[in-house]
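Written below as C-alpha cells is the structure these notes are about.
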Amino acid sequence: EVMGAESAIVRHQIVSGTQALTIGLFGLLRPGDIICFWNSAHTEIGHVGLYIGHGKIIHAQSSSTGVCVSDVTPGSYYYNRYYEARRIIT
C-alpha cells in the first residue's frame, strides 16, 4: 500500500517522480472530489471538474459545448493536465 492507495500502478514509462505521484494519487479519488487542471502553458490552474467515478469528470468544457462528461484516465487530455484534487469535508 502506497500513501493509502489500494493498488499502486508502477510502469516503466514513468519519467519523473511527479508523474509517479500523480498516478498514485488518482487511485485515491472519490466521487465528488474537485480536480484542478493546468492551463495549456502549465503556469496556472486553467480548468476544474468534478470527479464522478470510474475515471470520469463532469465539467463545462467550453461555452459552446456546455456541461459534459470526460475521461481522466492515463493518456487522456485531462489526465495529462492534472494539477491537483481537493475534497470538501463537511
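Each residue takes its place number in the sequence, starting with 1.
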_pair Tyr51-Val72: side-chain heavy atoms closer than 4.5 Å_ = yes
*Output, in order, the C-alpha distance, side-chain angles, deciding distance and verdict of side chain to side chain donor-acceptor pair (under 3.5 Å) for Ser62 and Thr65.*
CA-CA 5 Å; Ser62 71; Thr65 60; 3.1 Å; yes
*Give the ring-plane orientation class for Tyr78 versus His47, where under 30° counts as parallel, over 60° as perpendicular and anything between as tilted.*
parallel
*Taking atom CD1 of Ile35 and atom CZ of Arg86, what is their separation to the nearest 0.5 Å?*
13.0 Å
*If every non-hydrogen atom of Arg87 is compared with every non-hydrogen atom of Leu28, which pair is closest and at what distance?*
NH2-O, 2.9 Å
*If you look at every heavy atom in Ala85 and Leu29, which pair is closest and at what distance?*
CB-CD2, 3.5 Å
*When you look at NE2 of His54, are more than 12 heavy atoms from neighbouring residues, nucleotides or ligands closer to it than 6.0 Å?*
no
*Quick one: side chain to side chain contact (heavy atoms under 4.5 Å, CB included) partners of Asn39, sequence neighbours excluded?*
Ala41, Thr43, Glu44
*Between NE2 of His59 and CG of Leu50, what distance do you get to the nearest 0.5 Å?*
11.0 Å
*For Cys36, what residues pass the side chain to side chain contact (heavy atoms under 4.5 Å, CB included) criterion, not counting sequence neighbours?*
Ile45, Val48, Tyr83, Glu84
